[in-house]
Amino acid sequence: MRSTHLGGAAAAVAAAGWWRRIAAAAILGLAAAAAALLLTSVSTAAPRRRESLYFFAPSAAAIDRPLVDTNPTEALSDANSSAPSPPTPPAAEAAAEAVAPAPAPSESFDDVVEESSTGRDVDAPPLVLQADSRGPAPFIPSNAEPIANTSPVGDSEVGEVEPSSIEQKVAPLQPEISTWLTPTDQELIYAKREVERAPPMLDDPDLYAPLFWNVSVFKRSYELMERILKVYIYQDGDKPIFHTPELKGIYASEGWFMKLLQGNKQFVVKDPTKAHLFYLPYSSRQLEHALYVPNSHTIIPLSIFLKNYVNMIATKYPFWNRTKGADHFFVACHDWGPYTTKLHDELRKNTIKALCNADVSEDVFVRGKDVSLPETYIKIPKKPLRDVGGKPVSQRSILAFFAGQMHGRVRPILLNYWSGKDEDIRIYGPLPRRISRKMSYVQHMKSSKYCICPMGYEVNSPRIVEAIYYECVPVIIADNFVLPFEDVLNWSAFSVVVAEKDIPRLKEILTEIPLRKYIAMQTNVQRLQRHFLWHAKPVKYDIFYMILHSIWFSRLNNIKVQ
């Protein structure tokens, strides 16, 4: 009996062990399936979370065509469905590069509006955008509309795109070149794309299209500047070199810009983490006054001073090092403005330099990145618009006029060929008293069809803006000079550029211009004038806003995420 019970017990134990093994195997199987399911979920979901924090640049092939702009979050989400999952970039290696602007779409709305000049090639070195503490939250503008922009700009109205069609029309993304962007970076990228797809605009009462390379691009960029741009002004630096604008004389442009920006509440912010651009608020004229030793013939002390100042800014704040100075700018009208940057490589190569001395032959001014600052001669700061205006064409009896000091290489040649040689070409050194008693310098400009604007010691000359003020067509003689606001203005519509070697042919060149073309240019000068006027309180599209826009436009054109 006992053996029977023992046998039954053994069988029961064996059966229980078998069921336990089956249960254990089942549990292990379920655990394995759950683990596989979890791994699958992680492999598909985790990259989506990461991708929502990164911007992926379009492929090289896609860069050559107009970019498609959608809501940033939607575009990434839709594109991720077909793009391979990217590797997680180490935080320390998350970076973006700002390089030369991609070519802008070729546009020709009529015979007057020419191809956009925003796509000029620049030989500037790549500038690195490094992550900072501001975080990666994407910028989603409240009024952004998705658009399928696969045709040239202006072919259709901006409209909604069906979700199913976005995947085919969005430029392919490259997960292997991802980067961590700050909100301000994403705002700039959004603005850049909006400018590249600017809708056609040819009938704006505020802007005269023939003055611009592409008036639609300019208007859209200007609108976005007004809406988005924020500038931080460093408070460091003692007067008079810093925060002390000089409002009188031929270098007044830098002082007027400083004064008006420092008093501006629309663009200037106190929180540097909200800024897209950083202003170095020094005056090159005050720098010369304070530090240059007369007759020393060296500006090395000025260069050392600026080098130490920038190093202090880079040490004290994180913003310079984030972009190596690419989102910083300064405004300098003194001839020495470019040369005082040479002891600091990042200041010279990376910073946006707004310079009156915009000479591309000196290996300092970079066309397409730096800004040509108009040189304006202000006699009375309280009346910056004094004498503005000129005579009608019918009362301009002088073909061409120049009077001034014999500075530089060009003016002596001009004087040698034309002084006293021809009644139509009135060329002087300093205007003789016997002549100025009868007709002043300003009256000469107001009575001339063309005003000769030769370079002095440097390529820049205040006579260009003077000619515009007095409604006289400028004739610019300065090889290697980048003309003010050439990023948006078409100077051939209202000026004549003569090569230095062609000075002997000056009258021939001017008399070959048909009367109809001259009248059109002179009328354009009158329409252009508003863009070169200083006001105690800035007026839309005036010279203050034009300078700020060129700095903003440079930043947009030179930021590219990679």
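The basis for the numbers below is simple: all heavy atoms, side chains too, and nothing from hydrogens, waters or symmetry mates.
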* By disulfide bond (SG atoms under 2.5 Å apart) - contacts of Cys472 (at least two apart) ->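 Cys472 satisfies disulfide bond (SG atoms under 2.5 Å apart) with Cys451 once adjacent residues are dropped.
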* Asked: Hey, would you say the Phe544 and Phe257 ring centroids sit under 6.0 Å apart?
  ->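 Between Phe257 and Phe544, which both carry aromatic rings, the centre distance is below 6.0 Å.
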* Does the ring centre of Phe553 sit less than 6.0 Å away from the ring centre of His549? ->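 His549 vs Phe553: aromatic centres under 6.0 Å.
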* Asked: Given the rule in the side-chain contact (heavy atoms from CB on, under 4.5 Å) test, do Val215 and Met201 qualify, once you have shown the distances and angles that lead to the verdict?
  -> CA-CA 7 Å; Val215 70; Met201 188 286 302; 3.7 Å; yes
* Are more than 12 heavy atoms from other residues, nucleotides or ligands located less than 6.0 Å from atom CG of Asp502? ->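 For Asp502, atom CG is crowded (more than 12 foreign heavy atoms under 6.0 Å).
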* Any residue meeting ring pair (Phe, Tyr, Trp, His ring centres under 6.0 Å) with Tyr441, in chain and number order, not counting sequence neighbours ->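 Applying ring pair (Phe, Tyr, Trp, His ring centres under 6.0 Å) to Tyr441 gives Phe401.
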* **For Tyr339, all residues meeting ring pair (Phe, Tyr, Trp, His ring centres under 6.0 Å), sequence neighbours excluded** =>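 Here no residue qualifies.
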Residues in salt bridge (Lys or Arg N to Asp or Glu O under 4.0 Å) with [X], at least two apart?
{"X": "Arg426", "result": "Glu423"}
{"X": "Asp236", "result": "Lys316"}
{"X": "Glu466", "result": "none"}

* **Any donor-acceptor pair under 3.5 Å from Thr351 side chain to His328 backbone** =>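 Checked: no pair found.
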* For Met445 and Arg396, work out which heavy atoms get closest and say how close. =>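 That would be O-NH1, 3.2 Å.
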